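What you see is a predicted model; the values in this text were computed from it and never measured. Counting from 1, the numbers follow the sequence of the chain as shown.
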Amino acid sequence: MTPAANLKIPRQTLLAFAVVPLLLIGTGCGQEDGFAAEPGAETPDAVDLRPAVETSSILPGLLTDVLEISGRLEPRAEVLISSELGGAVEEVRFDKGDRIQKGALLARVGSDLLRAALAEAEAELEGAELDYTQAKLLVEREASPKQDFLGAEVNRKRFVARVESARLRLSRSEILAPASGVIVQRDIEPGEVLGPGSPVAVLHDTSVLRATIGIPETDIAFFSVGSPAEVSVDAYPDRSFEGRIAYIAPSATRPGRNFQAEVEVANADGKLRSGLIVRTRLQRRMFENAVVVPRDVLVERDGILHAFVLEDGTAGLRSITLGPDEGDRVVITSGLEVGETLITEGHRNLLDGQPVRVVSQRD
């Protein structure tokens, strides 16, 4: 064996020679600037910078155009009850605040004297009846001239009329409620002596109440007597009451140019009270198959209201014209069409024609 065959090369030197070709290969296959990419490094995906929006299809909608006016409830009628006849107050059967029914007995005034007068008239009528019967028999027997019978007949009729008059006067001494309602004033006490026509009580007919309102002249063409109304009060926040227009003044007030009107509201259960402030809702018009959108989808640009619609993946800015509203919903009379896709969220800072990314779509 030659000396060269016995030459031993250290292991570290062999590893160094093996690494050099790898480095040279890496230099040739690296980036253009001569630097190799870091091991494990990956190229990130492109970031979508389009604004995220939510959309909704514009469907035919229904909206009721309502005019709301405040008013004050009053009784349909205020009745002053008086004593037709004079005399002593014998009995009072009511008090202030009582709710009474039509025809109920309220008081008796001077009825003792009238009962005595009726008894006297009835006794006189009995005598006249006897005279009439006797005269009739005598005439039938031809024992008395017919003239005597005619006189007895006239006398009998006179006493019949006296009895009827006495009964009528006695009935007038009993003061009856002319209508159902609430007593708001009591003017008599037992033992008082009243003259004819003296006041007895004041009654409010609350079975039907009336709200007095003022309809602006710009809206008067929409309403007439009989038009429906809805009334609400703070005392009953979860309840509304149906009514109707019962009266519209023939001329407007000055100033203000309002037409005074009265809305009648049935109050059979007595829940409503006179004097309450009410909100009266009158239906002006009904919009069917209309473009109705939430008010918060609208944006203002240069003092003009707009809305954004989705057009081939971009935001289309539309100038719109508003119609009547109801709460947070409004009718669009021009600028939007049924079937278009409305951008409902993420629209505040959009630009016309800006590409957008839809993250939620509602039909």
Side-chain angles (χ1 to χ4, degrees), residues 51-70 213-232 237-245 248 259 261 263 265 278-363:
V53 299
E54 296 181 11
T55 62
S56 176
S57 298
I58 300 178
L59 302 177
L62 172 67
L63 184 138
T64 303
D65 181 22
V66 173
L67 174 65
E68 185 169 310
I69 311 174
S70 296
I213 60 175
I215 301 177
E217 66 174 342
T218 53
D219 296 306
I220 193 63
F222 295 111
F223 308 110
S224 61
V225 173
S227 295
E230 182 181 286
V231 173
S232 59
D238 300 328
R239 179 178 177 183
S240 60
F241 301 83
E242 294 183 359
R244 67 176 188 88
I245 296 177
I248 298 177
F259 288 82
V263 174
V265 186
V278 300
R279 293 179 298 278
T280 304
R281 293 166 56 87
L282 305 175
Q283 180 178 310
R284 272 187 297 223
R285 291 167 293 180
M286 179 90 62
F287 288 85
E288 297 179 332
N289 298 321
V291 175
V292 183
V293 302
R295 187 178 290 274
D296 59 7
V297 305
L298 307 180
V299 293
E300 185 175 342
R301 301 286 169 87
D302 299 326
I304 301 174
L305 286 176
H306 296 78
F308 280 99
V309 295
L310 186 65
E311 297 177 333
D312 298 328
T314 65
L317 186 64
R318 297 284 185 83
S319 174
I320 54 98
T321 302
L322 296 184
D325 59 17
E326 180 183 27
D328 62 348
R329 302 166 66 239
V330 61
V331 171
I332 305 299
T333 58
S334 67
L336 298 176
E337 299 291 337
V338 171
E340 292 186 301
T341 301
L342 181 69
I343 297 178
T344 58
E345 295 290 342
H347 57 291
R348 294 295 176 190
N349 299 314
L350 292 179
L351 299 176
D352 188 20
Q354 183 177 9
V356 295
R357 177 167 51 93
V358 178
V359 297
S360 177
Q361 164 70 37
R362 289 187 304 166
D363 294 330

K.L.:
Considering residues, nucleotides and ligands other than Glu337, do more than 12 of their heavy atoms fall under 6.0 Å from its CD?
P.N.:
no
K.L.:
Say you draw a straight line from CD of Glu54 to OG of Ser56; how long is it, rounded to the nearest 0.5 Å?
P.N.:
10.0 Å
K.L.:
Enter the distance from Ser57:OG to Leu342:CG here, rounded to the nearest 0.5 Å.
P.N.:
9.5 Å
K.L.:
Could you tell me whether the side chain of Leu63 reaches within less than 4.5 Å of the side chain of Val330, counting heavy atoms only?
P.N.:
no
K.L.:
What is the minimum heavy-atom distance between Thr280 and Ala229, and which atoms define it?
P.N.:
CG2-CB, 4.2 Å
K.L.:
Considering all heavy atoms of both residues, which atom of Pro324 and which atom of Arg285 are nearest to each other, and what is their separation?
P.N.:
CG-NH2, 3.5 Å
K.L.:
Please answer whether the main-chain N or O of Thr321 pairs with a side-chain N or O of Thr333 as donor and acceptor at a distance below 3.5 Å.
P.N.:
yes
K.L.:
If you look at every heavy atom in Ala315 and Ile343, which pair is closest and at what distance?
P.N.:
CB-CD1, 4.0 Å
K.L.:
Do any side-chain atoms of residues 351-359 form donor-acceptor pairs under 3.5 angstrom with protein atoms, and if so which ones, sequence neighbours left out?
P.N.:
unit_1	atom_1	unit_2	atom_2	d
Asp352	OD1	Leu317	N	3.0
Gln354	OE1	Leu351	N	2.9

K.L.:
How many angstroms lie between CZ in Phe222 and CG in Leu67, if you round to the nearest 0.5 Å?
P.N.:
9.5 Å
K.L.:
Tell me the side-chain hydrogen bond (donor to acceptor under 3.5 Å, both in side chains) pairs involving residues 302-314, sequence neighbours left out?
P.N.:
Glu311-Arg318
K.L.:
If you count every heavy atom of other residues, nucleotides or ligands that lies below 6.0 Å from Arg362 atom CZ, does the total exceed 12?
P.N.:
no
K.L.:
Please check: side-chain N/O of Arg329 versus main-chain N/O of Leu62, any donor-acceptor pairing under 3.5 Å?
P.N.:
yes
K.L.:
Please, which pairs that meet salt bridge (charged side-chain N to carboxylate O under 4.0 Å, His left out) have at least one residue in residues 287-301, sequence neighbours excluded?
P.N.:
Arg295-Asp325
K.L.:
Please report the closest heavy-atom contact between Gly346 and Val53, naming both atoms and the distance.
P.N.:
O-CG1, 3.8 Å
K.L.:
Could you please spell out the steps behind the side chain to side chain contact (heavy atoms under 4.5 Å, CB included) verdict for Leu336 and Val293?
P.N.:
CA-CA 10 Å; Leu336 298 176; Val293 302; 4.3 Å; yes
K.L.:
May I ask you to test the Val338-Leu59 pair for a side-chain heavy-atom distance under 4.5 Å?
P.N.:
no
K.L.:
Calculate, to the nearest 0.5 Å, the distance between atoms CD and OG1 belonging to Gln361 and Thr55 respectively.
P.N.:
3.0 Å
K.L.:
Atom CZ of Phe259 and atom CD of Glu217: how far apart are they, to the nearest 0.5 Å?
P.N.:
6.5 Å
K.L.:
Where is the tightest heavy-atom contact between Ile69 and Pro216, given as atom of each residue plus distance?
P.N.:
CD1-CD, 4.3 Å
K.L.:
Could you check if a side-chain atom of Ser319 sits within less than 4.5 angstrom of a side-chain atom of Ile304, using non-hydrogen atoms only?
P.N.:
yes
K.L.:
Can you check side chain to side chain contact (heavy atoms under 4.5 Å, CB included) on Phe223 and Arg284, steps first, answer last?
P.N.:
CA-CA 7 Å; Phe223 308 110; Arg284 272 187 297 223; 3.5 Å; yes
K.L.:
For the residue pair Leu282 and Pro228, what are the closest heavy atoms and their distance?
P.N.:
CD2-O, 4.0 Å
K.L.:
Under the side chain to side chain contact (heavy atoms under 4.5 Å, CB included) rule, what do Val299 and Phe308 come out as? Steps first, then yes or no, please.
P.N.:
CA-CA 8 Å; Val299 293; Phe308 280 99; 4.0 Å; yes
K.L.:
Do other residues, nucleotides or ligands put more than 12 heavy atoms under 6.0 Å from the CD atom of Glu242?
P.N.:
no
K.L.:
Evaluate Val231 against Val263 for side chain to side chain contact (heavy atoms under 4.5 Å, CB included), listing each step before the verdict.
P.N.:
CA-CA 9 Å; Val231 173; Val263 174; 4.3 Å; yes
K.L.:
Is the shortest side-chain heavy-atom distance between Val331 and Leu322 below 4.5 Å?
P.N.:
no
K.L.:
Going from OG on Ser227 to CD1 on Ile215, what distance comes out if it is rounded to the nearest 0.5 angstrom?
P.N.:
8.0 Å
